[in-house]
Amino acid sequence: MAQAHNLAIFRGLIKFKSNTQKIWGVLIFLTIITAIEVALGIIKPQALTHTYFLGMKVLNWIFIILTLVKAYYITWDFMHMRDEKSSLRRSVVWTPIFLVFYLLLILLLEADYIYEVFKNGFVTWNF
Amino acid sequence: MNSTVTTGTNEKVWEGGNQPLNASYGKLMMWFFLVSDALTFSGFLAAYGFSRFKFIETWPIADEVFTHVPFFHGNFPMYYVAFMTFILIMSSVTMVLAVDAGHKMKKNAVIWYLLLTIIGGAIFVGSQAWEWATFINGDHGAVETRGGRILQFVKADTGERASLSDFAKTIPTSRTQHENKNGIWFFDEGYQPSYNLEEVVAGLKANPNIVIRTESIHQEGEHMGHKTVLNREESLNKIKEGRLVVEGANLIHNEYGSRLFADFFFFITGFHGFHVFSGVIFNLIIFFNVILGTYERRGHYEMVEKVGLYWHFVDLVWVFVFTFFYLV
């Protein structure tokens with residue numbers, strides 16, 4: 001069993017004295033991120049909802065990036081991925097990332113095509 | 001020199017007796033399961049994304065659907081879901097503290113942290129049940145058109161949503177609900193909305209302050225991102241397409257907008273809630289095992305760690321569900 005915990009987060013920027021301390025530190029970090037997400041979701045600043053980056057609202061990009069950050073810290077610190085061997089880490093992490101990215105790419109492109117058909121094709125749907 | 005020195009055990013890495021990934025069989029299998037479960041959830045969320053991109057201009061706005069908080073009246077978008085998210089993260093923390101205490105062989109600490117984790121999980125499942133009940137019961141009511149689109153009603157002067165009970169007329173009718181005790185015993189009429197279509201249409205015509213809001217979201221201009229509100233004349237014209245009064249949501253009708261939204265809501269949060277529920281059961285089982293001293297006698301608390309992995313995974317999935325269902 002991996003008794004030795006890696007106690008540094010943010011690439012060594014913050015070092016905790018014990019594993020318990022690290023857990024509380026990560027909790028504070030995750031809470032702050034969730035608070036930012038909820039605040040942005042309620043306020044919906046015009047500057048972020050009306051500007052687009054790669055076909056998606058900047059606000060949505062922020063949400064997705066913050067979600068991935070949260071996922072990283074849950075996996076790395078709560079699920080102890082930080083302490084596992086790199087071979088285990090890579091096989092668990094990269095397999096889903098590859099497959100999900102591929103699935104999303106196909107499905108969302110296809111959905112956008114169907115949207116275009118509904119919009120410009122001879123399909124009546126709003127009656 | 002440095003590359004040639006190997007010890008005896010390292011040479012036979014794949015011949016059993018050691019752990020190439022430095023993780024026990026059980027833990028490794030838990031990781032395998034979590035990877036496959038992650039793919040299942042990704043499939044659901046990707047399907048949600050597919051339907052949403054397909055109906056990108058008419059999809060319901062989550063802020064306007066989930067606006068309730070228990071024991072409070074008013075419009076509180078997101079607050080309760082944020083609370084649920086926090087509860088789940090908190091219970092993840094108590095779980096990881098239990099795992100940590102298990103490493104140090106502190107039996108009593110493990111018991112207390114596991115108990116807190118179970119309570120957190122129970123609060124989350126209860127909140128989800130409440131959220132479902134609110135969603136199913138509905139908010140303001142709407143009219144479904146022949147093509148399955150939803151027409152909602154707003155007050156023209158304030159722009160606030162208008163409930164059916166605010167304006168629908170009550171027209172006396174001799175029609176009563178068919179109950180199986182009065183007729184053929186195996187035939188039941190099922191649920192009927194509080195107002196029929198005729199009453200809603202009459203109410204709309206009589207009340208000049210009520211207009212229709214359609215599902216279409218403005219793609220540009222000053223109302224960008226908001227649903228389209230028709231004027232009075234267009235509303236009276238549009239209501240002619242109405243076929244059905246809808247209150248609340250189920251798998252077939254959905255007063256909030258696209259029915260697929262309700263379907264995915266039930267499917268994704270339901271599947272996640274089922275995971276939380278089974279996680280609570282697993283936690284309960286190991287909770288009693290810890291009390292009985294099973295792991296103390298075994299000499300290690302790895303079972304707590306394995307169930308902990310599952311529990312954190314449930315939290316991890318919720319982080320994604322929260323983003324893609326409620327925020328984006």
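In the text below, chain A, chain B and the rest are named by the order of the sequence lines, each starting its count at 1.
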Interchain contact, B:Ala47 with chain A, by part (heavy-atom threshold 4.5 Å): backbone

Segment of A:Leu88 engaging chain B (4.5 angstrom heavy-atom cut-off): both

Pairing of A:Glu116 and B:Lys54 as salt bridge, 4.0 angstrom limit: no

A:Thr67 portion near chain B, given a 4.5 angstrom heavy-atom threshold: both

Side-chain heavy atoms of B:Phe53 within contact of A:Ile114, under 4.5 Å: no

Partner chain A: residue of B:Val99, B:Asp63, B:Ile89, B:Val81 with the largest heavy-atom pair count (under 4.5 Å): B:Asp63

Sub-4.5 Å side-chain heavy-atom contact between B:Leu97 and A:Trp24: yes

Residues, nucleotides or ligands: over 12 heavy atoms within 6.0 Å of B:Phe267 CZ: no

Check: B:Val96 and A:Lys22 side chains under 4.5 Å, non-hydrogen atoms: no

Heavy-atom contact with chain B under 4.5 Å, split by part of A:His80: side chain

Separation between CZ of B:Phe322 and CZ of A:Phe63, rounded to the nearest 0.5 Å: 8.0 Å

A:Gln46 and B:Met224, any side-chain heavy atoms less than 4.5 Å apart: no

Donor-acceptor contact present, side-chain B:His312 to main-chain A:Met79, <3.5 Å: no

Nearest-0.5 Å distance, OG of residue A:Ser87 to CG of residue B:Asn22: 9.0 Å

Segment of B:Ser24 engaging chain A (4.5 angstrom heavy-atom cut-off): neither

Interatomic distance, A:Ile74 atom CD1 to B:Trp318 atom CH2 [nearest 0.5 angstrom]: 13.0 Å

Engaged part of B:Leu28 at the chain A interface, taking heavy atoms whose separation is under 4.5 Å: side chain

Pairs of heavy atoms under 4.5 Å with chain A: top-ranked of B:Glu215, B:Arg146, B:Met90, B:Glu220: B:Arg146

Pairwise distance NZ(A:Lys70) to CG(B:Asp315) - rounded to 0.5 angstrom: 8.5 Å

Atom group of A:Thr34 that falls short of 4.5 Å from chain B, counting heavy atoms: side chain

Enclosure of B:Arg243 CZ (heavy-atom neighbours >12, cutoff 6.0 Å): yes

Separation of B:Leu327 CG from A:Leu66 CG (nearest 0.5 Å): 9.5 Å

Proximity breakdown for B:Phe313 and chain A, heavy-atom pairs closer than 4.5 Å: both

Flag if over 12 foreign heavy atoms under 6.0 Å of CZ, A:Phe101: no

Proximity breakdown for B:Ser42 and chain A, heavy-atom pairs closer than 4.5 Å: both

Taking every non-hydrogen atom, the tightest pair across B:Leu39 and A:Pro96: CD2-CA, 4.0 Å

B:Phe55 and A:Phe118 aromatic ring geometry - parallel, tilted or perpendicular at 30°/60° bounds: parallel

Region of B:Tyr79 that comes under 4.5 Å of a non-hydrogen atom in chain A: side chain

A:Leu99 portion near chain B, given a 4.5 angstrom heavy-atom threshold: side chain

Atom OH of A:Tyr102: over 12 foreign heavy atoms under 6.0 Å: no

Spacing of A:Ile23 atom CD1 and B:Ser92 atom OG [to the nearest 0.5 Å]: 10.5 Å

Whether over 12 other heavy atoms sit under 6.0 Å from A:Lys85 NZ: yes

Between A:Thr95, A:Leu104, A:Val92, A:Val100, the one whose heavy-atom pairs under 4.5 Å with chain B are most numerous: A:Val92

Heavy-atom proximity to chain B below 4.5 Å, by part of A:Leu103: side chain

Part of A:Lys57 within contact of chain B (heavy atom distance under 4.5 Å): neither

Chain A contact via B:Phe320 - side chain, backbone, both or neither, heavy atoms under 4.5 Å: both

Over 12 foreign heavy atoms within 6.0 Å of NZ, B:Lys227: yes

Neighbour count above 12 (heavy atom, 6.0 Å) for A:Tyr113 OH: no

Contact leader toward chain B among A:Thr75, A:Leu108, A:Leu27, where contacts are heavy-atom pairs under 4.5 Å: A:Leu108

